[in-house]
Structure formats: structure tokens, C-alpha cells
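Following: one structure in C-alpha cells, then a few remarks.
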Amino acid sequence: MPGLREELAIDFCVVNGENAADGAGITGKLADRLLAAGADVVTLGNHVWRRRGIEDYLATSERVIRPANLAAGVPGRGLVVAAAQDGTPVAVINLLGALFIGAPVHFFEAVDALVEQARAETPVVVVDFHAEATSEKVALARALDGRVTAVIGTHTHIQTSDARVQNGGTAAITDAGMTGPHDSVIGVAADLAIRRMRTGMPVQFRPAENDVRIEGVVVEADANGRATSCESLRVTL
Ligand SMILES: [Fe+2]
């Protein structure tokens, strides 16, 4: 990550790390490693609680956030403001979609107050929208156009070809893709994923190993938080 940050002149890096722990959840130790490697903020998703001990870690972590639209009172936070390399404050919001995920609070019920809270501190606001449905991702990107810098979709592991800057100046992509082994079924060893689907029987999943790629999106923005470019990134290791 340090090499990539330098090569692309990245001022601020957000990593969705929800499956950093062998493809399911994250541990405090792994989150610390992502931060040490150069992530400014780590976001999570529907697998937030998969690993034991993460609730205590999130309760005190400032740079690792979980979806904001979980049940009231659960540990952690869904919005953080951190400084970019040049000192610009950047707000990051993490939200879960509705379809097939069933977040306790619908994202449209939560998002306006979060954006308002973020914009009270900085015009540069990034939303990691962790959702299954392309329609929800496009709808949220449109609904926030002109109010945030970027709406970046995560969760499906498949990078979409719609990186764009919308008319109001909000960058968007339906899914940033997966950093992980692409010789797989969304990261899982293909034979195991196929066997579980084919038989409907429980099959222990194992992460695949080959064709590891870094995928993501690079957004450029001005001092007013308006995106000026948005390009998907794919690096084969
Ligand atoms: Fe997910």
C-alpha cells in the first residue's frame, strides 16, 4: 500500500476491511495492520461482528468504523473525520444497504443526519455504501449528488464499470471490487462455493489463493469537496 499511495499520489486512503480475517470479519490486530500499512480509515460491513473481540476494539477505535445504520447502542461509530496528508479534514461515513442485508435502520432514514453532521466539520465527505443491490447504490449516489464528495459501493466483490462524476460533483461507483484472490468465487475457493450451492449442504469455506488483485477507486476532489475525477483501479500482483 505505501508504494501504491506514492505512485498514485494518494492523500487519503479508505479501506473496506470487513473480510480481512480469512474472508470473514476482521480482528483488531488485522485492523491495526491495515492502518499501519497506510489506510487512514477502515470501514466494515455486514460481517462486522464475525470475529470475537471486535466489539471491544470498535468501542474505542477512532479510525475503524462500522455501518452507521445498525441498532442503537451497539459498540463503535459510523462516522469519522480524519486529516488527509495535506491536513484537509475528510469525513467518512459507512452505511449498509437494505436488500438481502436487512440493516436494522434503513439507509435513507439515517443518511441525511449523518451527511449534515459530516458537512458541519468538512466539505470533503466520503460514503462507503456496503450494499448488495445496484439499484440502491445508484439511488443513494444520486440522492447525495452535490452533498458529498463520493459514494463508493462495496460488498459484492465485483468491480463495476460505472466509475463517474455525477452532474452535482459527487463521484460514484456501484462497486469498488475486491482486493483478494480472483481465481475464486468472490474470494472463496471455487470448488467449495460450488459444492455448497449445488448440494445445499454445509461446506466449510476457505479463501482461495491465486490471481490476487488490488481493486479500488481513485477520486480527485477540490477544496470544496467537489469531485473532479473518479477512476476505477485494478492492480494485478
Ligand atoms: Fe459484505
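Please read these numbers as outputs of a predicted model, since none were measured by experiment. Just follow the structure's listing: the first ligand is 1, and inside any ligand the first atom is 1.
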Open item on the list: Restricting to N, O or S, what is the name of the atom of Glu18 that lies nearest the Fe ion (ligand 1)?
Closed with: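 Result for Glu18 and the Fe ion (ligand 1): OE2.
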Open item on the list: From the N, O or S atoms in His155, identify the one nearest to the Fe ion (ligand 1).
Closed with: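 Nearest N/O/S atom of His155: ND1.
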- [ ] Please work out whether the ring planes of His106 and Phe108 are parallel, tilted or perpendicular, with thresholds of 30° and 60°.
- [x]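 Geometry flag for Phe108 against His106: parallel rings.
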Open item on the list: Assess, by modelled atom type and distance only, whether the side chains of Asn94 and His130 contain a donor and an acceptor separated by less than 3.5 Å.
Closed with: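 Short answer, no.
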Open item on the list: Val90 and side chain to side chain contact (heavy atoms under 4.5 Å, CB included): which single residue from Val124, Thr149, Val41 fits?
Closed with: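 Considering Val124, Thr149, Val41, a side chain to side chain contact (heavy atoms under 4.5 Å, CB included) with Val90 is found only for Val124.
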Open item on the list: the Fe ion (ligand 1) and His47: any N/O/S contact shorter than 2.8 Å?
Closed with: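 No, His47 does not qualify, because none of its backbone or side-chain N, O or S atoms lies under 2.8 Å.
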Open item on the list: Would you say the Fe ion (ligand 1) has Asn46 as a near neighbour, meaning an N/O/S atom of that residue under 2.8 Å away?
Closed with: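 Checking Asn46: at least one N, O or S atom is under 2.8 Å.
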TODO: Verify, without hydrogens or angle tests, whether Arg5 (side chain) and Ile10 (backbone) share a donor-acceptor contact under 3.5 angstrom.
DONE: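 Yes; judged by distance alone, with no hydrogens or angles, the pair exists.
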